[in-house]
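Here the structure comes first, spelled out in structure tokens, and everything after it is commentary.
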Number of protein chains: 2
Amino acid sequence: MTIILEDAVKKATDVKQKVCEWHSPEELKELLDLELRDCGESEARILERCRDAIRYSVKTTHPHFFNQLYAGLEPYSLVASFITDSLKPSLYTYEVSPVFTLMENAVLKKLIEIVGWEEGGDGLFNAGGSMSNMYAMNLARYRQFPEIKELGNSVAPQLAVFTSQECHYSISKAAALMGIGTKNVFVVPSDKRGKMIPSALEEQINSVKSEGGVPFIVNATAGTTVLGAFDPIDEIADICEKYKLWLHVDACWGGAVLLSNKHKLLMKGIHRVDSVAWNPHKMLMACLQCSAFLVKDKTRLLQRCHSARASYLFQQDKFYDLSYDTGDKSVQCSRKPDAFKFWLMWKALGPSELEQRVDRALAMARYLADEITKREGFRLLMEPEYANVCFWYIPPSLRDLPDGPEFQEKLHNVAPVVKERMMKKGSMMVGYQPHRGQANFFRMVVISPQVSRQDMDFVLDEIHRLGKDL
Amino acid sequence: MTIILEDAVKKATDVKQKVCEWHSPEELKELLDLELRDCGESEARILERCRDAIRYSVKTTHPHFFNQLYAGLEPYSLVASFITDSLKPSLYTYEVSPVFTLMENAVLKKLIEIVGWEEGGDGLFNAGGSMSNMYAMNLARYRQFPEIKELGNSVAPQLAVFTSQECHYSISKAAALMGIGTKNVFVVPSDKRGKMIPSALEEQINSVKSEGGVPFIVNATAGTTVLGAFDPIDEIADICEKYKLWLHVDACWGGAVLLSNKHKLLMKGIHRVDSVAWNPHKMLMACLQCSAFLVKDKTRLLQRCHSARASYLFQQDKFYDLSYDTGDKSVQCSRKPDAFKFWLMWKALGPSELEQRVDRALAMARYLADEITKREGFRLLMEPEYANVCFWYIPPSLRDLPDGPEFQEKLHNVAPVVKERMMKKGSMMVGYQPHRGQANFFRMVVISPQVSRQDMDFVLDEIHRLGKDL
């Protein structure tokens, strides 16, 4: 335990330590001696192995880790994780998991209240946002064609999904797995900011219908992965009402704005949608994973769609109210009580502290964007409206080059090299990607309340240090 | 941390403590004060809340918890869980998770070696066995009809899945979600022992084919949920070879016998199958969840079937070997490094200790079955071949009644009442269920190496104590 608290918690979050100690896969295999052999090892050796596993891991909780849509360490959620790891509960029946079943219900109730469904709703915590998005697609399909559950897709018409070009890849993964097919995911153009264009959505719906396809769900994204854009939910809801389509909002990343009075307008209209995916393990920093799926329906659609009524687990002659046996709402069998992390955080911090964290992260992103605008050699892709700050670094050698194919090609090669250098130095981690034909750019994701203006300055200084000779 | 180690680890596993402190949902809601309010709470109050969450939880690690297909506390896997909770790694790219990516590979390699695929294979760890079974179904479908990924099921013929009547409910859940339809899951009869009857499988395949259906996968179960039966893999493999069908083995529960020289014959033929689901969190007691999916294919089928090639995450211009970015094999996006639990257990204990644990659990199940045979008022459903021991308790008042509808009806009511009483007393937890028209019977699941003959005797004595007046 001392090793864990010292090395994996304290040292990992210490800004004076490295974010990572880079080794190639080949080197690391040597260092870790991974092979599983025929003998057990001494306690001392095992402790050393734990130390090594921690040492060579990337410190995603480090203040200079900006590489994914999660960061930082939320201590209450960590305590909750430790407790549930120790107790080994699984959420399917009240009998086996009384405390965590009730806590999940309490958290879902609160999240539903925040979303604004006045008559309540339903939901559960999943193993990740991809699964939540898939659940939405399955419920939408089931509502419109309940016979598919028994008879399969082949009895139904050509189903069509609509989502923006900026959406998360889980939408197409879900369509592939669910037998809908990725070609039946219709990609609606987004504007320059990355927001779905509602008129383009309506056009696509009509065009699909005219070709005999049957639209059944629109996925809107609140906080896109790369740009952090928010689709205009209210306008999309108008269209979904008109065409009677299920509206799902993938708010895995952006959902946290609902806690902020200052920023919740980004999700205007959220109370009108049919389902929401929201991952408190992202912006709210709960330990991985903490991923809620919420559905407005009050007719037990989630249960009816997913149930298999296993008689060995969901016996009907139990001595308590069977509505507390929530497991048959899930496609999983054993399921972790991830809601407890959120529950304990909320109990400890209250909503105002959570709100402040969100506001602080967005203010910090704003500061970073301003700095980028001020500094020579940095160029913003666009003004951020959320915690994603996308920008190019232009090394001195390129600064006098006119924009054109040569410039773009050279610029494209900058970010990968800077990334390689920062990894090998271990000073920080920031992601980059190509996007819609644009040259590789950095995507800073600003989350943790541990992060200061100094850290933002450090990022820009460090990128310059690492890339100025390119 | 002291609370966790004292209350959630030590006290929870102490045989002198209760397995659970039963309260109805209404009472427990009062006791826990679950509502999420507008203010944060003091540290002291939060500690109290942690204590309460532990106190009122079922102690699934207690030596008298026999209610599910998992039990006991494996300390090394708990340490691994604590470490990964603290480090917050997610398995998709080597860059973010170098250590755990390599460890997952090492564990998969070992499991594949144990299964006996001499030329290797592929795989990953999932959020549970249900997901692994679904992956198998998706791979089988993709191998036969790769165009479904893009075009959906409606371009394919009527696909047919075969599984035994004793299989886990995740098979039909997967068929529903995947757009195959639960009616296209053909249920093959099992023999009295609960094993799939191979000749009945072949008949069904032929009958489906004659009606125009297209068989594409057979699911065999190694260790069924209720009876702990093993389908005859070798004979089923003959049939699958003959008809060119994908053979998946759901060995989530039974896979552990592969570690036992004494018992591995139960899975004779496993090296011939196409995919295996195996949950070390069950018999091997790793913390929840630790769930492996293995596939024999060496043509990157897993990757091709599931990939979406997100360019923001799986950049192609990275500075290391991209085959270590394993995330696109998964339908999930963020994914926990559950393989580390197994890795650390194996490194610490070695295979012979794991083997002894399996052998010991099965010997204990054998002892319990013998005791049941000896004792008045207990009747075995069948001789166990694995760790499930199924039996009826017949209270004195029923012992002179002739077998018939009245006896069966009265017997059916015994187990639920005994269960209610044991829960309210908190002395132990044993599951019961109706099954194939038989009266409710108890299913003891014997796993933990902490369990002794005294504990087995205690279970029978306690059932008699709780039910003798019925």
Side-chain angles (χ1 to χ4, degrees), chain A residues 4 8-9 25 28 34 36 39-41 46 53 56-58 60-61 81-83 85-88 96 98-99 102 106 110 127-128 130 149-154 169 172-173 176 178-183 226 287-288 308 310 312 317 319 324 331-334 346-350 416 420 433, chain B residues 4 8-9 25 28 34 36 39-41 46 53 56-58 60 81-83 85-88 96 98-99 102 106 110 127-128 130 149-154 169 172-173 176 178-183 226 287-288 308 310-312 317 319 324 331-334 346-350 416 420 433:
Chain A
I4 296 174
V9 178
L28 196 52
L34 291 163
L36 296 173
C39 286
E41 295 176 351
I46 294 296
Y56 298 114
S57 281
V58 168
T60 68
T61 56
S81 297
F82 284 175
I83 290 176
D85 281 343
S86 310
L87 289 175
K88 288 178 75 171
V96 179
V99 171
L102 297 180
K110 175 55 73 179
S130 295
K149 182 176 177 183
E150 271 195 8
L151 302 175
N153 271 354
S154 48
Y169 67 81
S172 70
K173 286 209 176 192
M178 286 173 58
I180 289 167
T182 55
K183 276 215 170 150
V226 176
C287 282
L288 286 168
Y312 79 93
D317 47 8
F319 62 99
Y324 290 98
V331 175
Q332 296 182 272
C333 181
S334 65
W346 183 293
K347 279 287 190 190
L349 301 170
E420 176 174 353
Q433 62 279 301
Chain B
I4 295 173
V9 178
L28 196 52
L34 291 164
L36 296 173
C39 286
E41 294 176 350
I46 293 297
Y56 297 115
S57 282
V58 168
T60 68
S81 297
F82 284 175
I83 290 176
D85 281 344
S86 310
L87 290 175
K88 287 177 76 172
V96 180
V99 171
L102 297 180
K110 176 55 72 179
S130 296
K149 183 177 176 183
E150 271 195 9
L151 302 175
N153 270 354
S154 47
Y169 67 81
S172 69
K173 286 209 176 192
M178 287 173 58
I180 289 167
T182 53
K183 276 215 170 150
V226 176
C287 282
L288 284 169
S311 59
Y312 79 93
D317 47 8
F319 62 99
Y324 290 98
V331 175
Q332 295 182 272
C333 180
S334 66
W346 183 292
K347 279 287 190 190
L349 302 170
E420 176 174 354
Q433 62 281 300

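Chain letters run A, B, ... following the sequence lines, proteins first and then strands; every chain starts at 1. Values in this document were obtained by computation on a predicted structure and should not be read as measured data.
Each of B:Ser172, B:Ser130, B:Gly350, B:Ser86 has some count of heavy-atom pairs under 4.5 Å with chain A, and the biggest count is that of B:Ser86. Ranked by heavy-atom pairs under 4.5 Å with chain B, the first of A:Ser154, A:Ala348, A:Cys287 is A:Ala348. Note: B:Ala308 leads B:Ala308, B:Ala310, B:Ala106 in heavy-atom pairs under 4.5 Å with chain A. Between chain B and the residues A:Ala53, A:Ala8, A:Pro25, A:Ser334, the largest count of heavy-atom pairs under 4.5 Å involves A:Pro25. Considering only heavy-atom pairs separated by less than 4.5 Å from chain A, the leading option among B:Leu349, B:Asp85, B:Asn153, B:Val226 is B:Asp85. Chain A forms the most heavy-atom pairs under 4.5 Å with one residue out of B:Val9, B:Val331, B:Val99, and that residue is B:Val99. With respect to chain A, the highest number of heavy-atom pairs below 4.5 Å among B:Leu34, B:Ile180, B:Ile83, B:Leu28 belongs to B:Leu34.
Applying the ring-ring contact (aromatic ring centres under 6.0 Å, His included) test to A:Tyr312 and every residue at least two apart in sequence or in another chain returns nothing. In this structure B:Tyr169 satisfies the ring-ring contact (aromatic ring centres under 6.0 Å, His included) test with no other residue, sequence neighbours excluded.
Contact annotation for A:Tyr324: only side-chain heavy atoms (C-beta onward) come within less than 4.5 Å of a heavy atom of chain B. Both the backbone and the side chain of A:Leu102 have a heavy atom closer than 4.5 Å to some heavy atom of chain B. For A:Cys333, the parts lying near chain B are the backbone and the side chain together; criterion is any non-hydrogen pair under 4.5 Å. Heavy atoms of A:Lys110 lying under 4.5 Å from chain B belong exclusively to its side chain.
Taken from NZ in A:Lys173 to CE in A:Met178, the straight-line distance is 15.5 Å, to the nearest 0.5 Å. The distance from the NZ atom of A:Lys88 to the CG atom of B:Leu288 is 5.5 Å, given to the nearest 0.5 Å. Remark: A:Lys183 NZ to B:Leu151 CG distance equals 6.0 Å, nearest 0.5 Å.
Without hydrogens or angle criteria, A:Gln332 side chain to B:Ala127 main chain gives a donor-acceptor distance under 3.5 Å. Of the possible polar contacts, one joining the B:Thr60 side chain to the A:Leu87 backbone as a donor-acceptor pair under 3.5 Å is found.
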